[in-house]
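The analysis underlying the following values was restricted to heavy atoms, covering all of them including side chains, and did not include hydrogens, waters or symmetry mates. Computed from a predicted structure; not experimentally measured. In what follows, chains are A, B, ... by sequence order, proteins preceding strands, each numbered from 1.
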There are 2 protein chains.
Amino acid sequence: MASGGRRGGGRPTLEEVAARAGVGRGTVSRVINGSPRVSERTRSLVQQAVADLGYVPNRAARALAGNRADTVALVVPETETRLFAEPYFSGILRGVSAGLADHDMQLLLTLIRTSKERRRFADYLAAHRVDGVLLVSVHGDDPLPDLLGRMAIPTVLNGRRTAGELVPYVDSDNTGGAQSALEHLIGRGRRQVATIAGPLDMYVAHCRLDGYRQAVRAAGHPEDDALVAHGDFTEEGGRRALRELLTRRPALDAVFCASDVMAAGARQELRTAGRRIPDDVALVGFDDSAIARHMDPPLTSVRQPIEEMGRAMAGLLMAQITGEAEGGGPDARSATGQAGPHLVLPTELVRRQSS
Amino acid sequence: MASGGRRGGGRPTLEEVAARAGVGRGTVSRVINGSPRVSERTRSLVQQAVADLGYVPNRAARALAGNRADTVALVVPETETRLFAEPYFSGILRGVSAGLADHDMQLLLTLIRTSKERRRFADYLAAHRVDGVLLVSVHGDDPLPDLLGRMAIPTVLNGRRTAGELVPYVDSDNTGGAQSALEHLIGRGRRQVATIAGPLDMYVAHCRLDGYRQAVRAAGHPEDDALVAHGDFTEEGGRRALRELLTRRPALDAVFCASDVMAAGARQELRTAGRRIPDDVALVGFDDSAIARHMDPPLTSVRQPIEEMGRAMAGLLMAQITGEAEGGGPDARSATGQAGPHLVLPTELVRRQSS
DNA sequence: ATCACGACTGGGAGCGCTCCCACCGTACTG
DNA sequence: CAGTACGGTGGGAGCGCTCCCAGTCGTGAT
């Protein structure tokens with residue numbers, strides 16, 4: 001009576017498909033998994049049976065027998081509220097999802113709230129619940145990437161922690177993006193271009209500041225540290241930084257902000273100070289978020305190819321999982337403790353009325 | 001030596017824990033799953049062994065043997081770009097994740113890209129062995145919820161499709177939110193309050209328009225259909241709708257928009273028309289998104305308790321899965337045509353300078 | 001002391017799949 | 001014409017767990 005599964009009422013099993021096709025279990029498995037060691041005739045026989053029965057392999061059984069999971073985890077530290085307010089996260093998600101779909105991989109989403117959860121997460125992984133991990137928004141001091149490395153779990157970071165990142169990663173060209181913003185500003189005749197940089201313990205902030213400096217130097221402008229202020233990627237930080245800048249260099253005629261949110265803060269402060277945008281001061285942000293489009297005036301900003309980054313992350317991870325050497329990485333190899341494969345995607349300046 | 005599992009080298013199994021604790025496999029299982037039919041002494045013995053060995057149950061094995069998955073899927077139609085541009089989605093995600101964490105459930109994220117994928121989705125679910133499904137942003141004509149119902153897969157919707165929604169859902173009080181916005185506007189002396197409603201094939205748009213109408217009526221204002229325009233929740237739609245309104249009722253002194261994005265479009269058009277906000281025309285949006293905070297002037301908007309909605313969805317789903325609602329709950333069966341359990345959470349008006 | 005009856009406990013029987021080895025026939029080879 | 005490769009195939013042996021049925025043991029009633 002109560003034989004058979006209770007829920008999902010009797011989906012066909014491998015064995016049933018085999019019986020129907022008049023072959024053995026092993027053969028069906030081979031067909032399902034695309035093994036070449038099956039004759040064409042048998043293959044189509046099996047495929048017919050699969051179609052007839054509407055057979056779909058049972059993931060749990062597969063995972064158990066195959067010692068794998070067909071699942072990758074996307075790990076997000078929830079403390080990163082910044083992340084959540086932006087389309088950034090959604091874009092990554094989208095790209096990852098698209099990149100994974102081609103491989104019939106599931107996407108497990110893990111928000112890490114507390115350090116307790118972080119510890120528990122290692123156990124999760126240990127229990128073989130995922131074949132690989134994608135890490136979003138890792139800080140320089142995050143032990144997770146290295147932990148994963150030690151456990152030999154394929155990992156890909158979104159953005160590197162330091163210049164010499166060893167774990168495979170996908171990043172956007174932050175330095176280049178900042179440079180293009182500066183070239184744009186300088187090209188339009190701005191002489192005193194200030195910048196509101198992010199906190200330097202974040203590598204991404206470092207890069208953007210670097211791009212700023214390089215462009216200033218390349219243009220032959222004097223390098224003036226008084227034109228550099230730091231924010232914490234928040235609006236309030238942007239406001240504070242702009243007040244500093246205005247105090248130190250009242251004659252500045254352009255500000256490059258390391259994020260749109262800080263630019264929004266800067267804009268408010270500029271208006272308060274009676275400066276017109278872009279007439280008196282040109283403003284450029286970074287991220288090309290919704291804020292940029294809706295700001296008044298609309299904000300020129302550096303766009304990252306977010307969705308592509310997600311897709312690239314999925315690709316890099318799959319390459320690791322399937323063990324391919326993968327010709328995707330331009331220079332680096334994951335061979336011998338050297339830098340793993342990585343991708344740095346180009347950014348693009350989106351010009352709007354603020355500059 | 002190299003015997004045992006190939007990857008993640010030999011995590012302890014139930015059997016090993018049993019051996020160490022000097023008990024049987026079944027007993028360990030009982031302890032792990034919190035069965036009461038274990039003596040206190042044995043329990044602590046087992047717990048000690050679990051701790052010593054760092055045992056973590058293998059999900060795949062559990063899923064296979066127990067015919068369940070300890071996993072729920074969050075399904076998002078990717079066509080809803082609107083969803084992705086907003087913190088809405090992230091908020092839901094956050095709430096769901098939090099609500100699920102208490103139950104040790106995994107969150108599987110599924111973006112549905114094409115209608116082909118949508119059709120295959122049933123198989124997908126069956127094969128992937130999901131214990132329940134959370135559906136975000138379902139349209140009125142979406143067959144998925146009913147399909148899931150027929151397959152007896154626990155489901156919770158985010159927002160209902162129609163007034164008489166049969167599938168369990170969590171929604172916010174859209175009608176009430178619109179009402180509070182209108183009361184606010186009318187309370188501040190606005191006489192000709194227009195609205196930019198959403199497309200009426202979306203129930204949420206219906207509700208917000210309803211709230212508008214009810215409040216207008218309650219205030220004793222004349223019901224003027226010329227004060228109602230429709231947008232499609234996009235910025236351009238908002239612009240177009242506002243132009244219509246301005247043509248029909250040049251003397252309007254307030255606009256309630258069914259979304260912040262449409263409000264952003266309306267704002268641009270108002271400015272183009274030389275109307276000052278809020279002096280000439282007060283503007284109120286819905287969603288309290290990032291745009292609202294950064295708009296110029298900052299936009300008064302109706303906030304939904306997004307994260308709580310996510311949490312509530314998780315809770316409702318878990319109740320279904322564990323069977324708490326499956327006979328004892330309020331009209332649990334959706335198959336019988338009764339309304340399933342649901343929750344409608346209150347909204348809150350966030351006042352800013354635009355009104 | 002005997003019996004019945006719970007409270008606990010051990011372990012067999014799978015869940016549906018992959019892995020892998022033995023095996024089959026056939027087409028070559030020497 | 002035996003010998004030797006193979007491409008191709010069937011099915012046994014688990015993967016680590018849950019379910020469930022027999023025990024085993026104490027206890028109270030008779």
Side-chain angles (χ1 to χ4, degrees), chain A residues 1-46 49-50 53 55-70 104 126-129 131, chain B residues 3-46 49-50 53 55-70 104 126-129 131:
Chain A
M1 303 289 102
S3 65
R6 66 223 79 189
R7 216 161 51 204
R11 294 202 61 90
T13 70
L14 243 206
E15 200 106 31
E16 294 176 65
V17 175
R20 175 159 187 125
V23 300
R25 201 170 9 81
T27 301
V28 177
S29 177
R30 256 166 249 135
V31 172
I32 299 290
N33 294 292
S35 158
R37 323 186 108 271
V38 184
S39 72
E40 213 38 69
R41 218 184 77 77
T42 310
R43 182 183 306 281
S44 67
L45 222 55
V46 171
V50 166
L53 265 37
Y55 169 76
V56 182
N58 177 321
R59 286 234 171 197
R62 221 177 212 190
L64 182 58
N67 192 37
R68 58 179 176 163
D70 290 337
D104 195 34
H128 270 311
R129 289 171 31 190
D131 295 324
Chain B
S3 63
R6 65 223 80 190
R7 215 161 57 203
R11 305 269 328 160
T13 71
L14 244 206
E15 199 107 30
E16 294 175 64
V17 174
R20 173 157 189 129
V23 301
R25 205 175 0 83
T27 302
V28 178
S29 177
R30 256 166 248 134
V31 172
I32 298 291
N33 294 293
S35 158
R37 319 188 109 272
V38 183
S39 72
E40 212 39 68
R41 218 183 76 79
T42 310
R43 182 183 306 280
S44 66
L45 223 53
V46 171
V50 166
L53 264 37
Y55 170 76
V56 182
N58 177 321
R59 288 237 168 191
R62 220 178 212 187
L64 182 58
N67 193 37
R68 59 178 175 162
D70 291 337
D104 196 33
H128 292 210
R129 291 246 130 72
D131 294 327

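The CZ-P distance, from B/Arg68 to D/dT18, rounds to 6 Å in whole Å. Between B/Arg43 atom CZ and C/dA7 atom C1' the separation is 13 Å, expressed in whole Å. Taking atom CD of residue B/Glu16 and atom C1' of nucleotide D/dC15, one finds them 13 Å apart after rounding to whole Å. Between A/Leu64 atom CG and D/dC15 atom P there is a gap of 9 Å when expressed in whole angstrom units. Per the geometry, CG belonging to B/Leu45 stands 10 Å off P belonging to C/dG10, to the nearest Å. Distance, A/Leu14 CG to C/dC15 C1': 13 Å, rounded to whole Å. Atom P of nucleotide C/dC17 and atom CG of B/Asn58 are separated by 17 Å, given to the nearest angstrom. Summarising the geometry, the separation between CD on A/Glu15 and P on C/dC17 is reported as 9 Å, rounded to the nearest angstrom.
Salt-bridge check for A/Arg129 with B/Asp70: failed, with every basic side-chain N at 4.0 Å or more from each acidic carboxylate O.
Residue A/Asn33 places at least one side-chain N or O closer than 4.0 Å to OP1 or OP2 of C/dT18. Contact between the side-chain N/O atoms of A/Thr13 and the OP1/OP2 oxygens of C/dC15 is not found at any separation under 4.0 Å.
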### side chain to side chain contact (heavy atoms under 4.5 Å, CB included) between A/Val46 and A/Val23, worked out
CA-CA 8 Å; A/Val46 171; A/Val23 300; 3.9 Å; yes
### Query
Stepwise, does the side chain to side chain contact (heavy atoms under 4.5 Å, CB included) test hold for A/Arg59 with A/Asp104?
CA-CA 11 Å; A/Arg59 286 234 171 197; A/Asp104 195 34; 3.1 Å; yes
### Task
Could you give me the CA-CA distance, side-chain angles and deciding distance for B/Arg30 and B/Arg43, then say whether side chain to side chain contact (heavy atoms under 4.5 Å, CB included) is met?
CA-CA 9 Å; B/Arg30 256 166 248 134; B/Arg43 182 183 306 280; over 6 Å; no
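Between the axis at the start and the axis at the end of the helix from C/dA1-D/dT30 to C/dG30-D/dC1 there is an angle of 50°, using five pairs per end and rounding to 10 degrees.
Residues satisfying the side chain to side chain contact (heavy atoms under 4.5 Å, CB included) test with A/Ser29, not counting sequence neighbours, are A/Leu14, A/Asn33.
Between B/Arg11 and B/Glu16, the shortest heavy-atom distance links the atoms O-OE2, 3.9 Å. Nearest heavy atom pair, residue A/Ala63 against residue B/Ala60, reads CB-CB, 3.7 Å. For A/Arg20 against A/Ala49, the heavy-atom pair with the smallest separation is CG-CB, 3.9 Å. Closest of all the heavy-atom pairs between A/Ile32 and A/Tyr55 is CD1-CE2, 3.8 Å.
If A/Arg62 and B/Arg41 are placed on DNA chain C by their nearest nucleotide, the residue sitting closer to the 5' end is B/Arg41.
Remark: A/Arg25, A/Ser29, A/Arg30 in residues 22-32 of chain A come within less than 4.0 Å of DNA chain C through at least one heavy atom.
Base contact: A/Arg37 has a heavy atom under 4.0 Å from a base atom.
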